[in-house]
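In each ligand, atom 1 is the first atom listed, and ligand 1 is the first ligand listed. Values below: all heavy atoms of this structure, side chains included; hydrogens, waters and symmetry mates excluded.
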Amino acid sequence: MATKLLIKNIKTLVQVREELTEKVCGKDMAVLPCIDNAWLAIDNGLIADYGSMDDFPGITDWKGLEVIDAADRIVLPCYVDSHTHIVYAGNREGEFVDRINGLSYEEIANRGGGINNSAQLLRNTSEDDLFEQSLIRFNEIIKLGTGALEIKSGYGLNVDAELKILRVIKRLKELNIIPVKATFLGAHAIPPEFKGNKEGYIDLIINDMLPAIAKEQLADYIDVFCENGYFSADDTERILMAGKKHGLIPKVHAEQLSHSNGIQTSVKCGAISVDHLEYCNDADIEALLKSKTMPTILPGAVFFLSLPYPPVRKMIDAGLPVAFASDYNPGSSPSGNMSFMMSLGCIQYKLTPEEVINASTINSAYAMDMSSKVGSITRGKLANIILTKKINSYGFIPYSFSNNHIESVIINGLVF
Ligand code: NIG
Ligand code: FE
């Protein structure tokens, strides 16, 4: 197993950042630093060095060095997917057909479907089975170029089942393939046994779930689905503040199906990201500009549920950073293909290829507090990279939508 890898004759080395960059905002999102005709050296799973083939390195120590000739292919840092729900049981294909036949997402949820349908399935699935089902998706998205991942709970909705999901996330993390961050999303929906007693369920989250999760150190973040019919802005604040007491940093689902004051609440609670944002208004943009919260767009959910487009162009033009994530889940985005998310960003929100690549790498890394480790080609960062097939430019990836332009994915310096 080679610990040293040299990739030569790279047509374009994309997203090269000399300095550690936390995130890119506004007009800077249109700038994507690249080196044409480049080489990249990897040592011990980390990016050791890079440069132009005009200054090809004089290598003194060839022992254990593997050389890959990129033969005019493009290299990018792996995508960072900062919002997923890949630990779930079964699927919701039946509801997909219900929606084709005219029912709305809300109508399906009101009939006991939706998130509660997934919770019912998950409660009846063993931890090992859940792990096996989730591992298939985990491997699948790495092959599609994802090199760091956030995963949420939220399909358990009782103490045992939420712990079961978080333990599965821990097992995925402990595979030590790509970095994984865990988010506790007990406040994803009100389970049937608490119907008409939302307060009772919030008490369960705060008094029972949170202490158990903190005791086993199972989560990095706390999330709430802030939405009409789910959790109000006041509920959200209460739950986030309780999570913070246990050391969990807020990340919020907000303004997806209606305007629910989730962005303002997220900013107030110091959330690291606020996600969805279809109903984000001008006052929300102002609040985000004064904050450190990363606005995160989930193009797959917008597409799958035919939701109104979030005002992404307006947000970037106002000077905000924007991150992209897949929201991979059985109900609103059954895909974790970040290349496709970028196509949707270009086609539906009129972002440029440079903007969607920044949104899907460095800015998404910020949304899970990993921009010092992944999200760009920078010396010392993890060597999690994508080697494309023979394509003319990085813009071809979002342009030629839904085709797979990835030839191989290298994780920690090894071909995955
Ligand atoms: O991010 N919006 C809330 N949660 C998920 C959807 C969950 C589901 O339908 O299963 C989302 O879109
Ligand atoms: Fe989500």
query: How close does the nearest protein non-hydrogen atom get to atom 10 (O) of ligand 1, and which residue and atom is it?
result: Tyr155 OH, 2.6 Å
- line: atom 4 (N) of ligand 1: closest protein heavy atom, distance to 0.1 Å, is His188 NE2, 2.8 Å
Give the numbers and elements of all ligand 1 atoms closer than 4.0 Å to a heavy atom of [X].
| X | result |
| --- | --- |
| Asp327 | 1 (O), 11 (C), 12 (O) |
| Tyr105 | 6 (C), 7 (C), 8 (C), 9 (O) |
| Phe225 | 2 (N), 3 (C) |
| Ile115 | 7 (C), 8 (C), 9 (O), 10 (O) |
| Gly331 | 8 (C), 9 (O), 10 (O) |
| His276 | 1 (O), 2 (N), 11 (C), 12 (O) |

query: Angle class for the His253/Phe225 ring planes (parallel below 30°, perpendicular above 60°, tilted otherwise)?
result: perpendicular
query: Once the angle between the rings of Tyr349 and Phe324 is folded into 0 to 90°, is it parallel (under 30°), tilted (30 to 60°) or perpendicular (over 60°)?
result: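 Aromatic pair Tyr349/Phe324 classed perpendicular.
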- prompt: In terms of side-chain geometry, is the basic nitrogen of Asp43 or Arg379 positioned less than 4.0 Å from the acidic oxygen of its partner?
  reply: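 So Asp43 does not pair with Arg379 through a salt bridge.
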message: Does this structure show an ion pair linking Glu216 with Lys170, if we count only N-O contacts that are shorter than 4.0 Å?
response: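 Lys170 and Glu216: not salt-bridged.
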task: Could you count the protein N, O or S atoms found under 2.8 Å away from the Fe ion (ligand 2)?
output: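 N, O or S atoms of the protein closer than 2.8 Å: 4.
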- prompt: Does the ring of Phe231 carry Arg238 above it, NZ/CZ under 6.0 angstrom from centre and within 45° of its axis?
  reply: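 That pair does not qualify as a cation-pi contact.
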- prompt: Does a donor on one side chain and an acceptor on the other come within less than 3.5 Å for Gln133 and Asp129?
  reply: yes
query: Has Lys195 got more than 12 heavy atoms of other residues, nucleotides or ligands less than 6.0 Å from its NZ?
result: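 Open.
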message: Is it the case that over 12 heavy atoms from other parts of the model lie below 6.0 angstrom from the OH atom of Tyr201?
response: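 Count over threshold, so yes.
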field: Partner of Thr183 under side chain to side chain donor-acceptor pair (under 3.5 Å), chosen from His85, Glu150, His83
entry: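 For Thr183, the side chain to side chain donor-acceptor pair (under 3.5 Å) test succeeds with only one of His85, Glu150, His83, which is Glu150.
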message: One residue to check: Gln256. Relative to ligand 1, which of side chain, backbone, both or neither has a non-hydrogen atom less than 4.0 Å away?
response: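 Gln256 to ligand 1: side-chain contact only, backbone stays beyond 4.0 Å.
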- request: For Glu227 and ligand 1, answer yes if some heavy atom of the residue is under 4.0 Å from a ligand atom, otherwise no.
  value: no
message: Any heavy atom of Tyr230 closer to ligand 1 than 4.0 angstrom?
response: no
query: Judging by distance only, is a nitrogen or oxygen of Ser118 under 3.5 angstrom from one on ligand 1?
result: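 Such a contact does not occur with ligand 1.
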query: Under a 4.5 Å cut-off applied to non-hydrogen side-chain atoms, are Thr388 and Tyr394 in contact?
result: no
